[in-house]
Every structure is written in C-alpha cells, then in structure tokens.
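The chains referred to below are lettered A, B, ... by the order of the sequence lines, with proteins before strands, and numbering in each begins at 1. Because the structure is a prediction, the values reported are computed rather than measured.
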Amino acid sequence: MKVLSIGFLGASTLATTILNMLYDLGHNVVVLAGSGRELVTAAEELGIQRHTAKDTHIAGLLDVIVVFPESVGKKLPKDGTLIKLSLSDVFVNTERHGGVVWRFCTNDQQTILAQGIYKFGDEICGANIVGGIEQLAADLLINSINNAAKTNGLWPDAVATALPPSWSTELNMARLSVWHKSNETVKEYSERGSIVHGFSDAAARYASRTALIDESNVITYRELYNRAVSISQEITEIYSEKGLSLNNETLIGVALPKSARLYATILGILGAGCAYVPFDITHPQERLRAIAADSKLDYIICDSNYDSGLFSDEGVQPLIIPEFRWSPDMSVNVSAFPSAELLLRDTSRLAVVIYTSGSTGKPKGVMLEHRNLLNLCEWYRHHVELTEESRPFQFSTIAFDASILDIFPTLLSGASLIIPSEADRHDFLRLDELVRTHEVTHAFLPPALLAALPDFVWPTLKHLVTGGDICDPDTISKWSASRKFHNIYGPTECTVLATTVLFSDSSYNRNIGKPISNTGCYILDEQFKPVSTGKEGELYIRGRGVGRGYNSEKNLTEERFLRDPFSGEPSTMIYKTGDIVKWRDDGNIEFIGRRDTQVKIRGFRVELGEIENAILDTRIFRHCAVVVDESKRIRAFVAKPYKGDADEETVKQALCQVLPEYMIPRFIIVLDELPSTDNGKINRNSLAGMDISKSLVTGDELTETENRLLEIWALVLNIDTNEIGKNDSFFDLGGHSLLVSRMILAVKNSFQGNATLARFMERPTIAALASLLTDSTLKKGAQISEAVYADMILNPSISPVGEENPFLRKPKAVLLTGANGFLGTYLLEQLLRNTNAVVYCLVRGSSQDEAEQKLALSLLNNRIDYRVDNKRIQLVVGDLEKPLLGLDISQFEKLSLELDAIYHNGAHVNHVYDYKYLFNANVRSTLDVLHLATHKKNKSVHYISTLSAASKFNEAGWLIEDGPAEIPPAFVNNGYNLTKWISEHLVWQAISRGIDATIVRPGNISGHSLTGLCQPDKNRILLVLKGSAQLGIAPAWDATFDLCPVDFLAKAIINCTLSDTRDTKVLHFHNPTPLDWTTYVMGLTRIGYEIQLVDPGLWRSRLLDIDESNALYNVVSFYLDENNEDIGDISSIEHSRTESTLQKVGMAYPKKDNALIDRNLSYLVDCGFLPLPRQPSTERSFVA
Amino acid sequence: MSEQPYVSHSDSWESTATIRNRPRRVIEDDNLRYYPMNRQPLCTHPVIVQLDQKVQDLILVQSLYKYINDIIIFETEIVNKTAREIAKGNFPFLFPFDCRYDAMSVVIDEDYHAYVAMNYMHQVQERTGIAPIELPSEIELSRAIPRALCTLAPQYQAGMELIAVAISENTVTAEVAAFSKDPSLKRSVKGLMVDHLADEGRHSIFWINLVKHYWANIDEEARIVIGGAIPGFIEAYLTNEIQMLFDHRLVESLDISEVLMEKIREDIPTSYPITKNHPMIANIRNFLKRSGLSQHEATRTGLSRYF
C-alpha cells in the first residue's frame, strides 16, 4: 500500500480532523501556507514540518492537495492536483439536508470524487448536525484516499453527479453550528412604550381594583397612580428648584421599608424619567454607602425614621417626601406622568440600577432599561397566567432582582401585590398567615427559604417560582406537588432570568430549562465554538433581556458584554455568564457550575455541584453545600438529617461508593442549618471561611520527615501537598504501579534511610513510610542510598584525548588542590623541591589577596621554607564545592592547556556530616579534576584518598593495594569515608579508561618527624587521645597503631607518583613499623599525664556521659559501638608494592620509636591541644 | 435485561480495517525513542540515569521487544483461540452467524497485528543491531485464564473464557491508546499503536456484544457461578510476575557490575496492590458496565471493591 503525500489548505475543525486522521493512517501530510491557525497548530503538535509560501515547488512533491471551503480563493501552489470540498444546503420535500461533494481537479478538468448527503431530521442542535456533516465529509475523503493508497496512487473513477442543481446553495456551517431549536423564541408583544405606560394603562383599566395590600393599607390602582404621579411631580419640581437637570442617566435612590409607599415611590421615580437604585435598609451600612458612592446619587428617598446623615460623606441628600400628595379628588386621575411623552419615544431609557456582589467585594451596578423590563413583564404575565384576579406575593427585598419579577408584571396586569412587612418576612407563621389570608396565587421564594419552610398548605398558590441557587430534590418534591413550580435561571445582567423550566417531582435539580421569549443561549467552548449536545461549555445569553452594562465600570462591561459574533448585526450584544452548562437531549440546559468555582484537585476538574448532588442522593441529609477552602480542600456542610443516626461517617461511607476518591470531601461537617445570604442563597463564602477546627476530631500534625515525604508525593502524584493526608494510601491518591517506583526512588534520593519497597507496600502511607525511614533499629551500613551507588559511575564522556603527554612524570605545570592544608603545604614543598614545575595552588578565598594570605599563613605555620611569592607558586582562587572547582571557564581552559599533572589533595574533612553534604567538595570535585585531566590534553591525576576508605580485601582479610571494591568500606556510616570511596571508584574507572592516575591512601598522618608539628583538631585519633586524657582513662585496644609523619608522607607521595618505575597504581601510605596503640597512649604518662588503660567496654560506657567540654563529644558516635574498627589495626594492610616503590626511590619508613612518639605528644601539649599535665615531665627536656 | 439485535460490523470492517487501509510503518531516522520512558520505570532508576544514554536506549528497545512479543502471544494464542472457535462454530455456545462471521474478521485482524508487530521488531533489530534477550513464552493471561477455568465445572468454562477474553480485549484497548500519545516516541511506534487501536475499537464493541448476547441467554445459576469467578480472574490477570522476571533478566543483560545490578534489582517491585484506582481497573470497570455484567447483583457484589 502506497504512502501518499497530501497537502492541506484550510482553517476549520474539519480540516484539522481530517489532517489528524490521515496522519494516523500513516500518510505524509503537509499544511500549506495560507492555512488557518487551528490547522497550523495541529500540524505543530504532530511535529509536521510547515510549508512556507516561498517553497513554490511543493506541489511537485505532493500526490494531492486537499482544499477546504473556507480556503477557496487562497493562493494555491502551481500545478497541484486538488481535491476540493463543497458543502451545500437544500430542502428536499421540505426536509433540510446537507450535501457533501469532494471534487477532483486537475489543470484541465473537474470530476466528482465522492459525494453524500446528510439528513437534518429531527435534530434540534446545530452543532450536532455540523458534527454529522463533518463526519460524513471525512469518511468520504478517507475512503477515497484509502482506495488510492491501495491502487498505488490511482484515484477512483469519477462519480456521476446525482445531486439536483439546487444543491449549489452554500451551506453556512458557522451559522448552522449556533442554531438550536430551543433558541427559536421570537415573540412580538403589543407596543407599550415603557413600564410607565404599561402601568398607566393598567391603572386606567383597573382603576378601582386593588393594586397593593400592605400591613396597613389596601390601595387601588387609581390611588397608586395618583400617588406615583404626585411623587414624580415633586421630584421634577425639586430638581427644577435646585437647577439640576433630569435626564436619561439620572439616578435616584430608594430606601424605604416594604410598604405601599415604596412601590408608589419607585413608580414615581420612573414616571419622572429617572432610574431607581434600590437600597435594602437592612443591609450593612458599609455596603449601602459603597452603592451610594458608586451610583453618584443626588437624592435618596427615605422616610423620617431613616438615619438621614448616613450618606452625607457621599454627598447624597436625603429626600423625605412627608406624605403622599393627595389629589383633591382621588376618584379621578390627576394628570399624566411628567415624562410620559419622553418615555414613549425612548424605551432604551434607564429604569433601574441594581447592585449585585462583585467578585472583588465591591458591589457592581447592573443597568437595566425599560425595554429589558418590558420583555420580562410580557413574557412572565403569559407564562404564569397573571390576570387581574391574581394575587402575587412580593417577598424579595427590592435590592434583589427577583423583586422586579414580582412588582412590574403584577402592576401591568391589574393584579394585586401582597406585601409582607419586614417582620412578616422573618416569621414563618406570619408568612403562612399572610399567604393564606390574602389567598396568594403567585410567589417567588428562594430555594433556601423553601427548604427551610415547614410543610405549609397553600392551596391558592398556583405558581411558585424559585431560582438563584440549586434546589435540593426534597424541596422540589415538596413544592412541585399540586402547583406549577418554576425554576428560573439568569444573571441580573440579563434581567432576572434567561431560561426556565417547570419542575415536577422527579425533575433533575440542575435543569435550568430553555430560553424565555426573545432570548437565546449560546454554549461555547474555549475556542468560542458552539458545543454539541452533552458537551460542557460556557453559557452566553443574547436577546432583549441583555442589559446596558455596569454603572461606571467600563472595563468590566466590555469584558462581560460582548458583540454577538454570530448575529451579523453589529449592535447585538451577548452576555458572558461565567456559568458552565450543557445542552440536554430534550433541548433544555443543564447547569454544571460556575466557571470560577470549578476547582482542580489532583489534576481532575471537580465540580462542587456534582458532589452536592451525590450527597443529597444518599438521602442521609436533606440539605448540603460543598465549598473549597483556601487550601483547596473540599468541605461539605450538611444539615437536616432524614434519620436520627445520620452523621459525618455515614455520609463519607456512602460517598465512597459513588464518587472517585479525589471528589470525597476532606471534611464533612454537620450544621443545624446552612447559613444564607440576604437574597436567600446559601452563604458559601462564610462556609469556606468557617473555622471548623472544633468540628474535627483529629488533626494532621506532621513530623519533618513526613513533611519532606509530602513534598515528594505531591511532585510524583502531581497534586498539591494539602490534598495529601498522612494516612492516605498512595494508591488512593492516584498513585499506581508506574508511579510507585518513581516515588520510592525519589525518596531514596533524598533520604539516607533504606526504605524497601516490600515494606512500603505493606502500608503505603506517608506515616508508615516516615517510620520506615526513621527506624533506628536498622543496621548501620544498610543505609546507603541508591544515589550513592549512582554517583559511582563515571560519565562515559571522560576518557583520554588525543596524543600521549610526554610530561606526565616530568610535569612542567602541576595543579595542587588543598594546597593550604596540613598535608597540602608539605606536598607543595616536595613538588617545588623535586620538580621544575610551576605549581598552581588551588585555595579558597573571596579574593586573590585573601587566598594568598591564607596560603602564606599555612606555609608559615607549617614551617615550610618557601614563600608564597615564589615564582613557581601560582595561586588560583577556587572552591572545591563549586562546579569546575570554582574556576571560571577561561581559567579552566587555560589550566587544561598548561597542566601536566594534578594532585587532588583537597577535601572537606569532616567526620560528622553525611555523604550528601560532603558530595560537592569531595566527589564532584574529583569528577571536575578528571574532567580537567582529559580536557584539551591528557594529565596525570594523583588522588589523595585515605586508608579508611580502602575496601578491597584478599582472602586472608588483608586490605590490598588495588582499586576499590564494590562493597563499601567498613565505616559506611561515615559520610566522609563514603565520599572518598566513591571518588576512588571514579578515579579507578578513569585508570581503566587509560588515564594516568594514582590512588594514594595515607593512614594516620601524624606530626612532623622532627618537630611533632601537626593540626590535631581535625585528626580523629588525636581527639580520642585528648578525650581519653580528659577522662583519665583510655581504651586498651589491641591494635597495631599507625604513626606516619607528614614530612615523610609528602616526600613519599611526590617521589613515588613521579617515579617511572613504580609497581602500583594504588599506594598505601601508612607506616607499618611495629607500634601498638597501648604503647602510644602510655607515652602520655611519660610526659606527666595520669591515664589508665581500661577495658574498651568500660571506656565506651563512660562516653555516654561526656559533654561538650570533652574533645570526643563531636565524634562520639563513631566509638559507641563494640565493633569499632576506626583506629584501624594496620597489621593487616598490604604494603609490599608501596614498599618496593619506596625502595626504588630510595626511601624507607621512619621508625616509630619513643622519640617520635614523644615529639608528637609534646607538640600537642605545646600547641595547647592537650591540657597541661599535672606534674611536669622529667623527660620534657628531650623535646626539641 | 432486554437484548438488542446483533448488528454485524462487516461493512465498517471493509472500509476501516487496518489490513485493508494502512501502509506499512517504516522506522524513521531520528532520535526519538522506541518505547515510552514512563512505561519502563527501570529507566528512571538513579543508577541507570547515570549510565550512558545507550543503556537507557537498550532498556527501551528490549522493553519494546517484550511488548511486541506480548502482543503476538496475546493476539494469536489468547484472543484468536477463542475467536476462531466462535467463528468456526466450535465454541460450546453457538452464536448467530453474524457474530461468527465477525469473529473471523477478528481472527484476521489479530493475526495481522501479530504479523505487523513481528515485521516491526525485525526492522528494529536491523536498524539498532540489538538482538532481543530471552523473551517470555507466556503472558499473564496465559496463566490467568486456565487458572480461572479450572475452578469451574465444564459447562461454565466456555462462558468464563469468553468473558476473560472480552475483559482483556477491552483493557488492552485503553492501554494502547495511552501509548500513542507520547511525543517522545517515534512516529512509526506510535503509528503501530494507532493502527492497532483502530481495529481494537471495533473489537472491543464486538466482544461486549458477544458477552451481552451470551449473558442474556444463560440461566441465573450460570450467571452466579461465572460472575463469581471473575474476581479471581482479574486478580490473576493483573499480576506482575512475568514483567518482574523480565526486568530482572533485562538488568542482568546490562554491562554493569554485580553490585549495581543488585541495587537496581532491589527496586524492581514484586507486586502492586490492585485497588479501584489501578489504571487497568478503570477499563475493566467500564467493560463490566457496558457489557451489563455489573447490573447482575451477585456479580456486582463480588466485584464491589473495584466499584
């Protein structure tokens, strides 16, 4: 089968889909210049090379170019064979179809390659139809291409055209994709001009019917009209007296208690041609002031009970209209509203600015116009069958947009509005009485109130409306019986509601229904494309309900109120709701959640509403709210149990059966009832911030180890640390087989402990793993992590370069690291003495001067004859802990060209710190040295290790002069030894690759053979000596003791490493001449110390009590075990090869006689390391 | 449970079967990998990470060989044994002709997958010069199916075999899908998986339909007995033994010292707990739902820990 090369020119989803399909089939695909971004991005994701317009020969490389309708007219490569798609739209016998034709076009002719038709049928969602047509188009093309591939690139014969000519109408896929049957909502209502006209008409028609019933008044339409007119006249007069102008934008605040007077005032403001800004006088003063400031009011109409000074800071004057101005004859209409004429012409006049809570905490004023309210009123009157006989209830505060639904449709219908007092609103029994007494027929009541109300029987209530929050199933079941129960959905910005559905007993509580009259809903994906049925997208609302925007919030308005890209009319606006919804099969919309409350937990998108529903479905509690707290933990609050034994645990268990683990709330808290906001919604903010610590039984206190593990788990599982509890199973958190290894290895890399997989699997929790890691019963030596073994491997790139260097043993330039150390200075001395080389001395320092002073001081202290300004001493400021030995690149390059040999003597000597801590200075520096040794030219490397890091034994148990063993040295608990052992491995591998290198293992480096001079503070054995002297007892170890004078050692190292005839790559530099430990220690008595040799066990037991004043304090951990081999019995250390090399260079081991011992010990006293002995020694005079 | 009439997939097979429509996958000359790193944890071991890149590449190529070898065993010895018996009317439960005819197309597809896999393995050997280490002669299913069957009376064994094959066909489908998304892999390797997946989508539905048909036509006692054997099968199916042995062998084939081998071997897990979050359990759960088995109360109860 032939692999075809296919070019693409297009910009649509269809083009992208087909591109991916053909790529998957194994063909070569190329996206041609001129294609749209979507296609280009798809090509990039597939890693396909992009064609540029400059490449004019592309057509010659392609079998065929597929051109999509959106790219017709774009420039095509010359001489290409094309396959063009055309999509057409036709009605056959009144049934709509989509026609798909693929044409095969060469220079001289066009034939039909494939064609098909797609029947729209009963499909109600345009996006589904578009999907179907695209599928058909793709199938037809793929089929043709498969055929061509099978026949080695021969295209099938042309299909005879069977489509009628009318098919040529182009199908507008973009427009089709936004079509939805549920959006066919156009309905023309009779012209009413404005809310004021609508009310005036009703007042004339139903003049003597009751308009309002409040606590103390029953007011007819005529009375209400007269009062409203007189208020509007008063407003007009006041404005005129003050010389203020009344215009389209004039806002007047209303802050009156619920009463007939309130509604007359609202109508009065509208009648004056102004818009009202409702204030709920029970709201916090701070909020009211913020609203007054934002709306820049001149006046706020209130009554004499109100604190008139409240808004003085905002420059708002209280306007108290003392009494209604009664017409002399209330039986006739006094006059018309002053602005009636004006309003008739301008239905876009602002009617109300209603404030809602903004996400920033600052209230935002939504501006609604008369035309917005009128569409709502007309639709609502028809939808809930409002007539002059109806008696709607006005429960909501006027500051909540639902009040608009109660007030205006009622007063435009001649119905009677029943007004509860503030006290009635908060007393269920009074509410019940009011509804029954006045035979209320319609009401809007929020879900939280409905959920809380007792089982009242309200037979007259025919239409109950709710919305603004999700109803729980219990509430739906209770209130949908024997009446119409409407669920409404809509943001204030779209005038109270945009969609609605009638709830029945079994209704799904997140169904928000279909758009109301003259309203449409777009559900769009993130690319702004309409989604098909069942797919989630964001809801955008269009139509007559879409308001003007936000008062004085231009940016926010532009962000949320957008031009409708699908309507073709530039003035049509859509509102971006921020709500995630989906189309249902029945044409209704299902609410998923707020875009900004969707939370990602462990990478999963979690919709809190889904958890709420799951909790309600368990039928354990009647009410619930699920929120996420600041730490992204899910909190579920439940209230009103069905049965007495309901508790947190039963809910949790039930949820585990139905929800994935990541959706199970971390906290489930039982409350008596859920808190609600003023508008009757559940107060989720207060729940998210609620202090729940009292409700929780156990805390999650973590140890330091557990905290570090938490970090690792979070990284491996790619979730937040606060999503992990210390007793959560790794596998329940989303861990699986592949991740468990990764996690364990990450743990091994950052902990010294040896946590085995097998043991972890027994209980895969943070708590269990931490205890494995901190288990003190683990044997020493079993704790080397894999990371240490991984460091053992020398990077394959390090190997000899180019030609052999003839100066390896007669170096012209040498690098010495650790040049200012004790041994370092003597090595420097020997290098200067035994070679003609320039010696580059690597010394740490913040400046050249500082480093120079350091080296000068060391030379002086160690009584070396050379001065730092010697021409052959070249100081190099560096730092072993830093990459490239702390050198800059140019220094590194320069040295790599000059050097012939490197003595890597420097190290961070510390017997307490762990391997990781010492790694940089002691291991990475060795890597850098080896890198330097093979960079540009080959150099010798002489690595100064230590006998305590030696690891290879022969059968007799002797340490042999050979490379390191794979089994670590005995003292693995010592990080320092490990770094030396690993470095030896690196050097040994370098040797095996042909690099000229030596491993030098000194033993116990003791003081100068003539002066006893040493640096005792860093020598652990001398610390044992001093500590024992302080205790007055020393352990009677049975061991041959080493004493290797530093001057001998340095001379031996330099001579042996420079020798061309040496026998070994590994040099053991202890001093094998006989001396036992006890003889050495007892030397102390000769210089006046009282010290007793005791059983080592006894000595160890005394160590348990020492404090910081004892020299052993910092190294005590090395001596607490019985099997301490630290002193190193040198009787079983091989040295024959070293000894023979020494002989070849004319050297022999110094004698370990009393004179040497005493010179050593006396120096220790003289330099103040050892305390002065109690009695002056008679032999002190021996000391030079 | 009401049964839908069986609809043959023969038409879609003609137009979509990879044997009919897809060109051969040829290895590209690029530096992309032969096998996804995240499917072979050995590659992330700290010791391995330090070694030459070639060692990682070697591990990945050997892992691909094993994967291909598994496919060949799975397709030819497990799936096609059952599918061929169904197609030829030798299966102890007689399916309608449409099912049998479709089963024969499954046999063709699966044998073709095995052929394509062998061909690719050959190409990889030619290009890399890496010969496969000793590959396992069986896969987990080779043991899990007989083990499940031997616990049942003869009259229930065929049903169990059918369900076991259907479960594994559905699990593999999702596994292959995950494979094909890795951007660090060679296009030809991914293409191999995509091709495989294209047929497996059809097979997955085929096996679900067969199980539905079978389940609807057996008596309650048979459902209880067979349903009761499923948990044991799943447990045996999802073991890690063969992979573990292979990983050990793979480590031993590396040119590294014994101590390093030991360090790596210590970290090869012996088994994993099979919880409802196991990646393959999600697919199995999905199969149980789609095939209707989870609607059977007794079966569902037995499998409750996976739900």
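Residues of residues 245-258 of chain B having a heavy atom under 4.5 Å from any heavy atom of chain A, listed by number: B:S257, B:E258.
Under the side-chain hydrogen bond (donor to acceptor under 3.5 Å, both in side chains) criterion, B:N31 pairs with no residue, sequence neighbours left out. With sequence neighbours excluded, the residues that form a side-chain hydrogen bond (donor to acceptor under 3.5 Å, both in side chains) with A:N795 are A:S797. Contacts of A:N28 classified as side-chain hydrogen bond (donor to acceptor under 3.5 Å, both in side chains), with partners at least two apart in sequence or in another chain: none.
Looking only at heavy-atom pairs under 4.5 Å with chain A, the residue among B:D195, B:N21, B:D52, B:T16 that has the most is B:N21. Ranked by heavy-atom pairs under 4.5 Å with chain A, the first of B:R22, B:E262, B:R20, B:Q53 is B:R22.
With a 4.5 Å cut-off on non-hydrogen atoms, A:D24 touches chain B through its backbone and its side chain both. In this structure, chain A has no heavy atom under 4.5 Å from any part of B:L32.
The 12-atom threshold is not exceeded at CZ of B:R24, counting heavy atoms of other residues, nucleotides or ligands nearer than 6.0 Å.
When every heavy atom of B:P23 is checked against every heavy atom of A:K2, the shortest pair comes out as CG-O, 4.0 Å. The nearest pair of heavy atoms linking B:R187 to A:H27 is NH2-O, 2.8 Å.
Screening B:V49, B:L260, B:I48, B:V55 against A:I793 for a side-chain contact (heavy atoms from CB on, under 4.5 Å) leaves a single residue, B:L260.
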